[in-house]
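None of the values given here were measured: they were computed from a predicted structure.
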Amino acid sequence: MDAEQINALLPQTQCTRCGYPDCASYAQAIAEGDAGINQCPPGGAEGVRRLAALTGLPELPLDPEFGLEGPRTLAVIDEAWCIGCTLCIQACPVDCIIGTNKQLHTVIEDQCTGCELCLPVCPVDCITLVPAHPEPAPTGWAAWSATQADDARARYTFRSKRLIQAKADNDARLLAKGEHKAQDLAAASKLTDPAQLDHKRSMIEAALARARARRGQS
């Protein structure tokens, strides 16, 4: 089975309710026979039907261990309670929460996937969920268009690449800082004993060697 085709049939909420870190990982697990096609509550029964048709696997009821099918929700931040901690911004898999440290944050409603990952990280419970549609609210794929799923997938992919680049940039800065310090350790350290300086220099050089090796592998 092709993992990319399977991933294309998932709603791309990136909610992790399936037991995997993102939709692509879940799709890969299905392709490898390590996960069932009935572990995606946002896709609901329709999602299981689509996956069964693609994979040839038997159509099963949604496994309640991973959650129940229900209406799609959107996250809303209470302006009076928000303390601007940025933890919700870091948790959002599709970058739909905007704001800066110690400033009010806002959810871009038409980009929110209802993943709920921002809820547990908020230290002041300033985030609540509201229905994405009026009653009677549709569920599963009836509440989620292919265009919305494609947009969410694109935002998640962009965010993932951004985080990888940010880590690489930070690692490069730390490596450069360490190399600069190692060049003149006596001036950069409070130590004066030659033996202690040599020991610290060897530790720094070993750490730098490991850092260079990690960069070479990435």
Side-chain angles (χ1 to χ4, degrees), residues 1-75 87-97 107 111-122 127 129 132 137-168 171 214-218:
M1 290 182 284
D2 184 85
E4 185 60 29
Q5 289 181 306
I6 295 172
N7 192 32
L9 293 182
L10 299 176
Q12 303 301 315
T13 59
Q14 315 301 339
C15 66
T16 74
R17 293 169 70 185
C18 60
Y20 291 87
D22 55 26
C23 295
S25 299
Y26 175 46
Q28 187 65 46
I30 293 175
E32 295 175 354
D34 294 329
I37 60 173
N38 59 339
Q39 297 177 202
C40 176
E46 173 61 23
V48 175
R49 283 192 288 270
R50 296 184 186 190
L51 291 172
L54 172 67
T55 63
L57 294 171
E59 186 178 320
L60 301 171
L62 193 65
D63 190 337
E65 176 185 346
F66 301 95
L68 302 175
E69 178 175 348
R72 191 163 67 87
T73 58
L74 302 175
L87 293 178
C88 58
I89 295 177
Q90 298 170 42
C92 180
V94 293
D95 280 344
C96 78
I97 303 178
V107 177
Q111 294 182 1
C112 178
T113 67
C115 71
E116 303 183 15
L117 295 179
C118 56
L119 295 184
V121 301
C122 179
I127 304 174
L129 298 176
T139 65
W141 268 105
W144 193 253
S145 71
T147 298
Q148 287 174 311
D150 290 342
D151 288 346
R153 181 179 182 181
R155 291 195 301 275
Y156 177 70
T157 300
F158 177 82
R159 176 181 182 271
S160 299
K161 292 179 178 178
R162 176 175 60 77
L163 293 179
I164 291 172
Q165 185 59 54
K167 184 180 185 305
D171 289 346
R214 287 195 296 270
R215 291 193 68 198
Q217 294 172 358
S218 61

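For the atom pair CG (Leu10) and SG (Cys40), the distance works out to 5.5 Å, reported to the nearest 0.5 Å. Interatomic distance, Arg17 CZ to Leu68 CG, rounded to the nearest 0.5 Å: 7.5 Å. Residue Cys112 holds its SG atom at 7.5 Å from CD1 of Ile97, rounded to the nearest 0.5 Å. Between the CD atom of Gln14 and the OH atom of Tyr26 there is a distance of 13.0 Å, given to the nearest 0.5 Å. With values rounded to the nearest 0.5 angstrom, Asp63 atom CG is found 12.0 Å from Cys18 atom SG. Atoms OG1 and CG, on Thr55 and Asp2 in that order, are 12.0 Å from each other to the nearest 0.5 Å.
Contact annotation: the side chain of Leu117 approaches that of Thr16 to within less than 4.5 Å [non-hydrogen atoms, C-beta and beyond]. Between Trp144 and Pro42, every side-chain heavy-atom pair lies at or beyond the 4.5 Å cut-off. Inter-residue side-chain proximity for Ile6 and Leu51 is flagged as met; some heavy-atom pair is nearer than 4.5 Å. A heavy-atom distance below 4.5 Å is not found between the side chains of Asp151 and Val94. Annotation: side chain of Val107 is not in contact with side chain of Leu74 (no heavy-atom distance under 4.5 Å). With a 4.5 Å cut-off on side-chain heavy atoms, Gln5 and Leu54 count as touching. Side-chain contact check for Asp22 versus Ser25: some heavy-atom pair is nearer than 4.5 Å.
Tyr20 and Ala35 make their closest contact through OH-CB, 3.6 Å (heavy atoms, listed as atom of the first residue, atom of the second, distance). Contact record, Ala143 with Pro138: CB-O, 3.4 Å, taken as the closest heavy-atom pair. When all heavy atoms of Ala8 and Arg153 are compared, the pair lying nearest together is CA-NH1, 4.1 Å.
Not a single donor-acceptor pair under 3.5 Å links the side chain of Arg50 to the backbone N or O of Leu9. Proximity of a side-chain donor or acceptor of Glu69 to a complementary backbone N or O of Gly43 within less than 3.5 Å is not detected. In this structure, the side chain of Arg159 engages the main chain of Cys92 through a donor-acceptor pair within 3.5 Å.
Between the side chains of Gln12 and Asn7, a donor-acceptor pair is found at a separation under 3.5 Å.
The stretch residues 31-45 participates, sequence neighbours left out, in these side-chain hydrogen bond (donor to acceptor under 3.5 Å, both in side chains) pairs: Gln28-Glu32.
Under the rule for a side chain to side chain contact (heavy atoms under 4.5 Å, CB included), Asp150 has no partner lying at least two apart in sequence or in another chain.
Classification of Asp95 and Arg155 as a salt-bridged pair fails, no side-chain N sitting under 4.0 Å from a carboxylate O.
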